[in-house]
Protein chains: 2
Amino acid sequence: MSMNTAPSSHATPTYSPGHPCPVEDVPQWDIETDVAVIGFGAAGSCAAIEARAAGADVHVFEVAAAPGGSASWSGGEVYVGGSGGTRVQKAHGFEDSTEDLYTYLMMAGGPGADAERVRVYAEGAAAHFDWLEAQGVPFKGTYLPGKWIEPTTDDTLLWSGSEAAWPFSAKAKPAPRGHTAQFKGWGGGKILMEKLCARAEALGAVVHCSSRALCLIVDRARAVVGVVVRIEGETRYVRTRKGVILCAGGFIVNREMVERFAPAALACSEVVSGGNDDGSGIRMGMSVGGATIHMDQFFATIPFFPPESLVKGIFVNKRGERFINEDAYHGRVGHYVLRQPEGKAWLLVDNEIFGRPVIQPDIEVAAVGETWEEVERELDLPAGSLVRTVTEFNRHAAEGQDPLFHKASNWLRPLTTAPFAALSYCVGDLKAHAFTMGGLHTRPSGEVLDADGQPIAGLFAAGRSACGLPRWGEGYSSGMSLGDSTFFGRQAGLAVATRQDT
Amino acid sequence: MSMNTAPSSHATPTYSPGHPCPVEDVPQWDIETDVAVIGFGAAGSCAAIEARAAGADVHVFEVAAAPGGSASWSGGEVYVGGSGGTRVQKAHGFEDSTEDLYTYLMMAGGPGADAERVRVYAEGAAAHFDWLEAQGVPFKGTYLPGKWIEPTTDDTLLWSGSEAAWPFSAKAKPAPRGHTAQFKGWGGGKILMEKLCARAEALGAVVHCSSRALCLIVDRARAVVGVVVRIEGETRYVRTRKGVILCAGGFIVNREMVERFAPAALACSEVVSGGNDDGSGIRMGMSVGGATIHMDQFFATIPFFPPESLVKGIFVNKRGERFINEDAYHGRVGHYVLRQPEGKAWLLVDNEIFGRPVIQPDIEVAAVGETWEEVERELDLPAGSLVRTVTEFNRHAAEGQDPLFHKASNWLRPLTTAPFAALSYCVGDLKAHAFTMGGLHTRPSGEVLDADGQPIAGLFAAGRSACGLPRWGEGYSSGMSLGDSTFFGRQAGLAVATRQDT
C-alpha cells in the first residue's frame, strides 16, 4: 500500500457519481488498498471491522468531518431477536423463536420481501446482538414496557414495531425486539456509532473524513477496481485490490432524486438523516450497471404519540371512516394517513385520553365539541358518518373488541368522556418524517447485482445504499434499518475480504 | 453501410443485456447505420418512420418472427385530445381543451407525473392523431357511447378512462379521448401496427425480424456506439453513427424481473403482452448506467364489466365497506380491489343489474340471498356491516347522490331488487391482467438519463422500455400506453436523426 500526498499535476476532469472513470484514464494511484469503504456510518463501520478482522487492508472515506453517518443521529435501536431470544429478551421472560422473527420480517418486507436475506438475518440476529456488545456497544439490559417512538431513558429492550398489532400478531408470536444502546435522552445512535467507529479504527482501518467519493473506477470488463475520492479538496485515485463497499446511505436529502424515484415521499416535510443521504452511493452503483429496487419505498412516520394514551384514539378520513388499527407501528399508521382521500385525516380523542402530542405539540385541533355530532359538523363530514363510526367503535370497544380493524384490546376504550376533539393529521398540518428504503439490488453478501441479476465484480453495498430488510414503508419497525445496516455491513466486509485478489 | 453475412470466424462470447460489450472487443462491424431501433412495435415503428423521414439510415431489429410487438395484440386505442378536440371529438360535439387534457394527464401520472412530458403531449396529441391517419391508420370517425373495456365494433371514439369519474371529473372537464383503429372484433391493434410497420418499411427502414438484441456496444466514455444482435442464429455487430433507440417493451413476461422490481404485480395471473416483454430493453439501458424509475408500477385490471349494468353494483371489502367509486376506470378499480385487507372484495349486485361478466363469465358467486342480511351472513362479514353499507348507499342513490365515494349519478341506482348476490373478486377467484409501467428515465426527446440525470450519449428509449405517461397504476386509461409509445417513439426518432454524427 502506498500513499502519494502530492497533488495531481494534470487538470482534473469533472467526475460525477453517475458516470464511472475508466481505469485507462487514471493518472496515478494515490492510495492502494484491499478494500475501500464509502461512508463511515452503521454499515461502513461494521464492514470495516469485519474486513480488517479478516486481514484485509481497509480505507474508509467519509464525506462528513466526523464519523458516524446518519446512524449517529438516530435512536440507536437495533431490531434483533430469534434463536430463542437475545440475552436481554430471555432475561425479561420473552421467548423469541427464529421462525417468529422470520415470519414477522417476511411480513414486514411486503410483497418484495427477500426470503434469503430474511433467513440469514433471522438466524443470525441474536448472535449479532452479542457481537455488537463485543465491539463495545453498551446495552443496559433493562426492559421498558409501553409504547414509544424512541426511549429517552437508557433502557434496552422495547416494543419497537407492529409485533403486537394485527395482522402481524395473528401470524407471528409477538416479542419486543428493539434493543437500544445505553444512553439517556434522545439519540442513542451517538454512543452506538462512537463505539463501532472506534472499534474499526482500533482494528487498523484507515479513516479519511471530509472525503467525498466522486465516482467508481472500472476496467474494460466493467469490474470495479477503485474509486476517485476528493480528500480535503484534492482528487485522489484509490486502487482497490478486492473491492469497494458502498455504505453511503440513502437519498432522502437529495430532493431531485426524491422527486424522480420516490415522489410520494415529498408529502413528508422532515428528513431522517445526518445530512449526507444524497444518494451518491446508489448513483455510483447504478453508473456501472447496478440495478436498483423498491426506490419508491420510504419510511414515513407521523409521531402522533406519546403520550401513549393517544393510541386509544381513532383515526378517521373524510368519509368519517376509520382506516387502520391505531396500535400498529407509527410508521405504518403514517403511510395509511398519507394515502387517505384528499390528504385528510383526523385523530379523534376524548377528554380522558387527550394529551398534547410530545413531538408535535402544536398540532392543529380541527374540531372540539360536547358531542360527536358537533365534531362531525365542525369537520364538515357526511351527515351521520362520524357519529356512526364512533358509536360502532364505542359499542365494540366496551366489549374489548374491534371486529373491523382488530386493534388489540389493551388499546380499546370507548371515547365517551366529553369534551371530544379531532386533531388534524391532514396534509399541511401534519409533520411526517421520512427516509428512503430503495437502493442497490444486492445479495445478502453485499455483492451488487446488475440488471440480469449477475454480480458486478469488485462492488458491494450495505445499509441504505442497498435495498435491505427495510423495503416496504408499511412494514417498517424501529431498529430495522440499524439492524440491517450493521448486520449486512458485516456480511459485505467479510465477503470482500475473502474475495480473491484481482 | 455494409453488411457482412459471413458468420464470425472467432468463438462468440456470451452476451447478456445487463452487460455492455466494449467497442474494443468488437471483432468486426457487420452492419453500419445511423440508427438502430430495437423492437418493431408501437414505439419502434414510429421512431423508424420519423428517423427515416428525417433522412437517417435506419435498421430495426425485432425479436419476433413478425412485426408489431405487443401493440398488435392490443385493442388499438390511442389516447388523444386537447387543442380544442381531434377531428373526431369535434365531429361529435366534444370540445377538449389542451389544459383539460394536461390536467387529466397530470392527475393520471400520480405523484411522479412528469410535467414537461405531459405538456409536450397535451399540446401535440391532437396533431398526433392526424399524423397517425396520415400514416395510413384507418379511423372510422364514429362515436360509441357507453362504458367499454375495449370496443368490438369498428367505432372510433369512446370513453376509455376515468375522465367522467371522481376525482378526475372534478378537476378536468371530461371528454372521451380513446381513439380506436377501425377494426371489427377484439384487437384493433393489429390494423394499427400493420399500417405503422408498413409505413416504416415503405420509407426505407431495413427491418430484421427474428433478431434478438443481445447487448449494447459502448466506447470508453460510455457512449453507445452500437449493438450486438443475433440475427437468425448468427451474432452480428451493428455500428450506429447516431444512436440506438430501445423500443423493446416492458418486462411483464419476465417473472424474475417482476418478482424483483414489481412484486405486487404477481397478484395478476394474466399478462398483457405479445410475449416478448422480457425487459431486455430496460436491462440494456441499465447496463450502461441508465436510471430506471417507477419500476414498481403496473397496469392491473379486473374486467368486472361489461355488461355495463354491473358498474351500478358496489364493491365491498371484508369490513363490509365500500372503497372506490365503481365508475372509475376498471384499472383504477382493479388496483383498489387488489389492495383490500386479506385480498378480499366482492361486487354486490341485485337482480336488475346482474348479468354474467363477459370477460370472466365463470366468476365465483360467493353469496346469494333474498335479503342483504343473508348475503352478509353468507360472506361472514361483521354483523350489520354490509347491511349498513347497502342501506346507506341505497338511501343516497335513490336521490342520485354518493356523498362518500362520488360515483356519478348516471351509475347510481338503489340495489333493491331481490335476489341479491356477491360476486367474488377475492385473490384466488379474480383474474387480473397486468403490464409494467416502470422503465428507463428519459427526457421527452427519448434521451436515456443516467443516475445524475445526464444523458447517455447515443442512447434513446420509448414505449414501455421507458417510463412514459403511464407511470401510476391507479391513473391509467386505455389508450395511454399506445398514445405514449407512438408519440414519444416519434420524438425519439426525430431526436436521434438530428443528432450530430459521432
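In this text the structure is predicted, and so the values were computed from the model without any measurement. Atoms considered below: every heavy atom in the structure, side chains included; atoms not considered: hydrogens, waters and symmetry mates. Throughout, protein chains are lettered first and strands after them, A, B, ... in sequence-line order, and every chain is numbered starting at 1.
Only the side chain of B:Trp166 comes within contact range of chain A, with heavy atoms under 4.5 Å apart. For B:Ala221, the part lying under 4.5 angstrom from a heavy atom of chain A is the backbone only. For chain A, no part of B:Met295 is nearby; none of its heavy atoms comes within less than 4.5 Å. Only the side chain of B:Glu321 comes within contact range of chain A, with heavy atoms under 4.5 Å apart. Contacts of B:Pro17 with chain A are made by both backbone and side-chain atoms, with heavy-atom separations under 4.5 Å. For a residue to count as touching a neighbouring chain, one of its non-hydrogen atoms must lie under 4.5 Å from one of that chain's; by this rule B:His441 touches chain A with the side chain only.
When B:Pro22, B:Pro263, B:Gly289 are compared by the number of non-hydrogen pairs under 4.5 Å with chain A, B:Pro263 comes out ahead. The choice from A:Gly279, A:Gly285, A:Ser16 that makes the most heavy-atom pairs within less than 4.5 Å of chain B is A:Ser16. When each of A:Glu392, A:Met286, A:His19 is scored by its heavy-atom pairs under 4.5 Å with chain B, the top score falls to A:His19. The candidate from A:Asp296, A:Thr292, A:Ile293 with the greatest count of non-hydrogen atom pairs under 4.5 Å with chain B is A:Asp296. Of the listed residues (A:Lys318, A:Gln454, A:Arg388), the greatest number of heavy-atom pairs within a distance under 4.5 Å of chain B belongs to A:Arg388. Interface check for chain A: of the options B:Gly110, B:Gly112, B:Ser287, the most heavy-atom pairs under 4.5 Å are formed by B:Ser287. The candidate from A:Glu342, A:His294, A:Glu24 with the greatest count of non-hydrogen atom pairs under 4.5 Å with chain B is A:Glu24.
For a heavy-atom cut-off of 4.5 Å, chain A lies close to B:Arg260, B:Phe261 in residues 250-261 of chain B.
Annotation: A:Arg319, atom CZ; neighbour count of heavy atoms from other residues, nucleotides and ligands within 6.0 Å is above 12.
One finds no salt bridge joining A:Arg283 and B:Asp450 here, because no Lys/Arg side-chain nitrogen approaches an Asp/Glu carboxylate oxygen to under 4.0 Å.
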